[in-house]
Amino acid sequence: MRRYLPVARQHFLAALAGTSVVVKSLSAAVVLLYLLSFGLDTAYGLGVTPGYLLPPNFWVWTLLTQGLVEERAWGLAASLATLGVAGRLLEPLWGALELLVFFAVVNVSVGLLGALAYFLTYVASFHFAYLFAVRIHGGLGFLGGVLVALKQTMGDSTVLKVPQVRMKAVPMLLLLLLALLRLTTLIESNVLASYGFGLLSSWVYLRFYQRHSRGRGDMSDHFAFATFFPEILQPVVGLVANLVHGILVKVKVCRKTVKRYDVGAPSSITISLPGTDPQDAERRRQLALKALNERLKRVEDQSAWPSMEDEEEEAVVAKADTPLLPDPSAASKGSGQESSLITFQDAPSQL
C-alpha cells in the first residue's frame, strides 16, 4: 500500500496543476479541515445539524462549509478526486466561476434538503436524535452533482468495458450501491442522504437554472429526469416527472422553458420546436460519426487479409497482359519456316 501512495500523490498533483485557483483552494480547505478534525469536532461546528439550522439557532454558515468537512480517509480521497475530476473535465467547459457557483448551489441544497428530510422524520417519529445527533457533511453531495454534470456532457462515454457501463448509468448505479450498503448498516443515513440530494439538486440546477450562451438550462431529451432510470421504467417515471413539473410551473416555482432552434436563415428567424435542442443535434452527429468511423475501420481490417478473389484477379490481370494480335515479325518468320517445308510436284499429264 505504501509504495502506491507516492504514485497516487504524483497523479493528484499533476491533475491539480492544470486547474484554476478555485479547485486548488477548495482542495486545500478540504485537507486543512481534515487535519483539524484530529483535534477538533469540525463536523459539529461546520457540518449541518438539522436542529441547529432551525430557529432560534440559525447556523446558516454550515450550509456553505458542510461540503468541505471530512473526518475519514476514504472521504478525503473521494472529495479530492471529485474536485480533481471537476477541475479537469467541467472547468474547461464552464469556467472557474461557474464551477464555484455549482459547488455552492449543490452543497447549500444538500444541507437544506437534508435538514428538511430529518425534520420531517422527527415529526413522524418524535426522536430528537434526528435533529441533534445527525451531522450532514462531506463531499458525496458534490460527487453526485459532478456525476450528473458528466452525464449531461459525456453521457455516452464508456466507463467500463467488461461489463459495459456508460457514464449515463453511473449516477443511479452508485445510488443503488449506497442504498444496499445502508440496508446492511455499513454506512450511515447521512451518507445516502447527501449523495441522493446532490443528484437531485444538481439536476434541477442544470436542467432549469444554469446560465450559458444559449440561454438558461438544458431541456434536451437525453437529460430528462426519466433517463436516469432503466428503459423499462422511463415511461412511468417520465409521466410522473411531467406531472410534477406541470404543478411546479403553475405555482411558479419553475417556469416553462421554450426551446428554440436556430435554422441559420439570413433573416435570423428562430423556430420554436418542442423536444428539439442544438445539443441533441450535435450529440446525434457525434454518434453518427463514431459509428461511421468504426464501420470503416472494420472494412479496412477485412481488406488487409488475402483472399481467393485476389488470386483470381491476378490471373485475370496476367491473362489480360498477353497481346491479342501476334507479332508481325514472328508471323513472317513462321511463314518462312512453313514455306521451306512445302514442296511442289508437277501435275500429272492428262491421258
Side-chain angles (χ1 to χ4, degrees), residues 22-37 40-72 75-76 78-80 82-83 86-87 90 94 96-123 128-149 175 178 187-211 248 253-254:
V22 172
V23 177
K24 294 176 182 177
S25 300
L26 293 176
S27 301
V30 171
V31 174
L32 178 61
L33 292 179
Y34 173 74
L35 296 178
L36 290 177
S37 66
L40 301 174
D41 190 1
T42 55
Y44 174 76
L46 300 177
V48 172
T49 303
Y52 294 141
L53 190 62
L54 300 173
N57 298 292
F58 288 115
W59 288 13
V60 292
W61 68 86
T62 59
L63 295 175
L64 295 174
T65 58
Q66 61 90 13
L68 302 173
V69 178
E70 295 289 353
E71 293 183 323
R72 295 181 177 85
L76 174 66
S79 295
L80 294 179
T82 303
L83 290 171
L90 298 180
W94 296 349
L97 180 60
E98 177 59 28
L99 182 61
L100 181 61
V101 171
F102 182 70
F103 180 83
V105 167
V106 171
N107 283 309
V108 170
S109 301
V110 167
L112 286 175
L113 294 175
L116 178 61
Y118 281 109
F119 175 75
L120 295 178
T121 307
Y122 160 74
V123 171
F128 279 98
Y130 292 112
L131 291 181
F132 298 101
V134 174
R135 305 284 186 268
I136 302 174
H137 64 88
L140 280 180
F142 186 60
L143 173 60
V146 170
L147 291 180
V148 171
L175 179 63
L178 292 177
I187 61 174
E188 299 176 355
S189 61
N190 61 338
V191 175
L192 179 61
S194 297
Y195 179 77
F197 289 130
L199 290 180
L200 180 61
S201 60
S202 60
W203 177 79
V204 171
Y205 173 73
L206 295 175
R207 181 73 169 175
F208 301 104
Y209 299 106
Q210 186 187 40
R211 293 183 178 272
L248 294 178
V253 175
C254 294

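Quick caveat, the model's predicted, so the values are computed rather than measured. Index from 1, following the sequence.
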Item to check | Heavy-atom closest pair, residues V110 and S201 | outcome: CG2-OG, 4.4 Å

Checklist entry - Can you find a heavy atom in the side chain of I136 that is under 4.5 Å from one in the side chain of Y118? => result yes

Checklist outcome for this item: Which of V106, L143, L199 passes side chain to side chain contact (heavy atoms under 4.5 Å, CB included) with V148? Answer is L199

Next on the checklist: Can you tell me how the ring of F132 sits relative to the ring of F128, calling it parallel under 30°, perpendicular over 60° and tilted otherwise?
Outcome noted: parallel

Checklist entry - Does a side-chain heavy-atom distance below 4.5 Å link I187 with L178? => result yes

Next on the checklist: Counting neighbours of OH on Y130 that are heavy atoms of other residues, nucleotides or ligands and sit closer than 6.0 Å, is the number greater than 12?
Outcome noted: no

Next on the checklist: Distance check, rounded to the nearest 0.5 Å: L112 atom CG versus N107 atom CG?
Outcome noted: 11.0 Å

Checklist entry - Is there side-chain contact between L90 and V146, with heavy atoms separated by less than 4.5 Å? => result yes

Checklist entry - Taking the six-membered ring for Trp, are F208 and W203 parallel (under 30°), tilted (30 to 60°) or perpendicular (over 60°)? => result perpendicular

Checklist entry - Quick one: does P50's side chain get under 4.5 Å of L54's, heavy atoms only? => result no

Checklist entry - Looking at side-chain heavy atoms only, is the closest gap between V101 and W94 below 4.5 Å? => result no

Checklist entry - Quick one: are L147 and Y195 in side-chain contact, heavy atoms under 4.5 Å? => result yes

Checklist entry - Taking C-beta and beyond as the side chain, do L175 and L192 meet within less than 4.5 Å on heavy atoms? => result yes

Checklist entry - Do F102 and L206 have side-chain heavy atoms sitting under 4.5 Å apart? => result yes

Item to check | Donor-acceptor pair, side chain of N190 and main chain of R135, under 3.5 angstrom | outcome: yes

Checklist entry - Okay, side chain of W61, backbone of G45: is any donor-acceptor separation there less than 3.5 Å? => result yes

Checklist entry - For G87 and V23, which heavy atoms make the closest approach, and how far apart are they? => result CA-CG2, 3.8 Å

Checklist entry - Minimum heavy-atom separation for E70 to V30, with atom names? => result CG-CG1, 4.3 Å

